[in-house]
Each structure stands twice: as C-alpha cells, then as structure tokens.
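What follows is one structure encoded as structure tokens, with my remarks underneath.
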Amino acid sequence: MQEKLDSIKKEALDAVEAITEISVLEAWQVKYLGRSSAIMEVFKSLGTLSKEEKPAIGKAANIVKVALEAASEEKESQLKQERINQSLAGEKIDVTLPGRRTVSGGLHPTTQTLREIYRVFGDMGFQIYRSQEVETDQYNFQHLNFPPYHPARDMQDTFFVKSAEDRGDDPLMLRTHTSPGQIHAMLEHTSKYPDDPPPIRIILPGMCYRYEQITARSEIQFNQVEGLAVGKGIAFGDLKGTLSNFARRMFGQDAKTRFRASHFPFTEPSAEMDVGCFLCKGEGCSVCKGAGWLEILGCGMVHPTVLKNGGFDPEVYSGFAFGMGPERITMMRHHIEDIRNFWANDLRFLEQF
Ligand code: DAH
C-alpha cells in the first residue's frame, strides 16, 4: 500500500510541475484531488483494512493528500503572479515621453481691452460704477435730454421689455447705451451729499443692446465704456487732456489725437475723438480706410439739463462725459474685420488672443 501511495504522489507531483496554465491546473485538481481520484479511493478503502493496518495507512494517505494540496496551492499562486507580471510588462510607462499639454482657457479679447481701459482710467483716479441693463425710457432717453419725438431716438433702435401699452410713456427696455448710468450715478451721489457734493470721476462699463440688422459692422449686443467727471470748474480742456492722456496710455506714447465737432443730445458742446491710425501711423491703410485717423469715442461737456436731472446745479457744477466701444477698439487693434466673431464662440478665433 505504501508503494501505491508513493507512486500516486510521484505521478501527481510530476504532472503539476509541468503545468503552465490555470485551466490545466483545474483539470489536475479534479484528477488528483477530486472525489474519484486515486488518493480518495485509498481513503474509501480504509474500511476494508484490518484494525492494525488502518491507522498507519490512513496517516500515510493523509500525508500524500496534504502534499498534493500544498503543491496545488503553490502552483496556483505562481501562475497568478505570472499573469500579473505579464500585464504589468504590457503597461510599461516611458517616463522620458513629453507630458500632455493641459488646455487652459484665456480671456476674451474684449475682456482684455476692457481691463486695459479700467487700468488706464484707474490710474487717473476714475472708479468703476456698475449700472443696470434693463432701463426705463426716462433714464435711457428722457433724462439724457432726448425729447419724446427726438430724431436721435431713431439712431438707437430699441429692444423693449415692456411696451408703451403696459407702461404709458415710460416703457422698459434694454439699454441702448451706457449713458443712463450717468443719471443713476449722479442722483445717487447728490442724494448722498445734498449740500456740497464732492467731485465725481467714474467709468461705467457694460453691455448694451440695439435692435439692428446683424452685419460684419454691427451687432445687437455690444459693450460700451462710459465716462463721467463732474465738479466745480471742469472745462473742455480737462476733457481733452484726460482723453488724450488715455489715448497715449492705451495706444502708445506717440499716439496723436484730434477732436471733431459732433452732436449728442446729452452733451454741449459735443465732439468725437480720433486717434492717429496706429497701424499705418497716419499714412493711410485698410483699417483707417486711407484716412490716417480712427474714430475712438464720442464725448462732450455734460448738458446743463442732464446735470440738473442728476441733481447738480449747472450754475455751479460742470462736467464732461465720453463713451467708447471696446469691441470696436479691439477690432482696430487686431485688424478684426467682422464683429460677429466676438459672439461666435469659435475657438479658432478666440485662441488667437
Ligand atoms: N451714448 C453714446 C452712444 O451710444 C456715446 C456717447 C457719446 C456717450 C458722447 C457719451 C458722450 O457720454 O459724451 O452712441
């Protein structure tokens, strides 16, 4: 019997030695440790043995069974480890490869221009005043000295939020310019300091809306930056000095400026400021259309009626105001031909800035 056990053990251990795959090991386990394996048959036959033989054979058979189980376990963990090693070898990392670039966003070109404008006026002591985008007819037009049937209203076709039928002669609208913020700022200031209001020096940036045909040159939505200075003894020379200084800080120390007479209902006198074309330096090019000058902003001395509507006595106080379009300035600086690019959200455009 001992011989038989020895030969079972030898055969099984030789067989397990050669195994290289889990599925083969599983078949081996059935064959050498399963219910009808040779070793199990030995256990089953113990009952037929004599009392003297039984313990010794039983013990010897158990030793063989334990040896086979240990061999099986060892093989199994060896095969599993090999499998892990193989998959790790397939996932080798080449640490010398260049890293993948993470894409980061950038500031919209208009935002970049806006921030430069804030910086320049900030350096000159102007504060930012934020004002609402939904306005009444009163603030958007009437307080700014546009009488009800003034032809200048036609220049600013309007998106109405609540029509005249709902609100009589004071419909709600999306502001067509940032100028109504002047009135809000002045009224807030003069109600806070009713006796002797200190000077105001602010810029008012924000979105404006006009009901217009969208073309390469005009959008229904655009930014403006308004400016307002009110105090005692402010003269047209202050306006020219401030805005020429702005042009030099914004477009370069050699930037030339010129003022042309113009008309706005809320300023008197009114002007438009041109800057010498910064692309051709005044020689004439496609951006300035051969003129050598670029129109940058509208401006003027605040109309006495507007000062009064803001709570200031026009006999004592005076001021200047201006308004510019940051998209327009951005277009000129970067030679952008189509204003629709600003809202198209096309990365090929945006990534250039
Ligand atoms: N509100 C004017 C517009 O939208 C721009 C403007 C012109 C603003 C002259 C001003 C100004 O403050 O003085 O076209």
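Read the numbers this way: they start at 1 and go in the same order the structure lists the ligands and their atoms. Please read these numbers as outputs of a predicted model, since none were measured by experiment.
With 3.5 Å as the limit, one finds a donor-acceptor pair spanning the side chains of Gln29 and Ser72.
Near Thr267, the atoms of ligand 1 lying under 4.0 angstrom from a non-hydrogen atom of the residue are 13 (O). Atoms of ligand 1 found under 4.0 Å from any heavy atom of Gly298 (numbered from 1 in listed order, with element): 7 (C), 9 (C), 11 (C). Near Gln182, the atoms of ligand 1 lying under 4.0 angstrom from a non-hydrogen atom of the residue are 12 (O). Every atom of ligand 1 is numbered from 1 in the order shown, and the set under 4.0 Å from a heavy atom of Gly300 is 13 (O).
Enclosure of atom CD in Glu41 by more than 12 non-hydrogen atoms of other residues, nucleotides or ligands within 6.0 angstrom is indicated.
A pairwise comparison of heavy atoms in Ile234 and Met301 identifies O-CE, 3.5 Å as the closest pair. The minimum heavy-atom distance linking Leu350 with Asn345 is given by the pair CD1-OD1, 3.8 Å.
Proximity annotation for atom 1 (N) of ligand 1: of Gly319, Ala321, Ser179, Ser179 comes nearest, heavy atoms only. When the options His303, Arg210, Glu272 are ranked by their closest heavy atom to atom 14 (O) of ligand 1, first place goes to Arg210.
Remark: Lys10 does not engage Asp6 in a salt bridge, criterion side-chain N to carboxylate O under 4.0 Å. Salt bridge annotation for Glu272-Arg258: absent, with no cationic side-chain nitrogen under 4.0 angstrom from a carboxylate oxygen. Checked for salt-bridge contact, Asp313 and Lys232 miss the test: no charged N lies under 4.0 Å from a carboxylate O.
Phe320 does not count as a contact of ligand 1, since none of its heavy atoms falls under 4.0 Å from the ligand. The shell of residues lying under 4.0 angstrom from ligand 1, judged by heavy atoms, includes Gln224.
With a 4.0 Å heavy-atom cut-off, ligand 1 is reached by the backbone of Phe322 but not by any atom from C-beta on.
Checked against a 3.5 angstrom limit, the closest N/O atoms of Glu226 and ligand 1 fall inside it.
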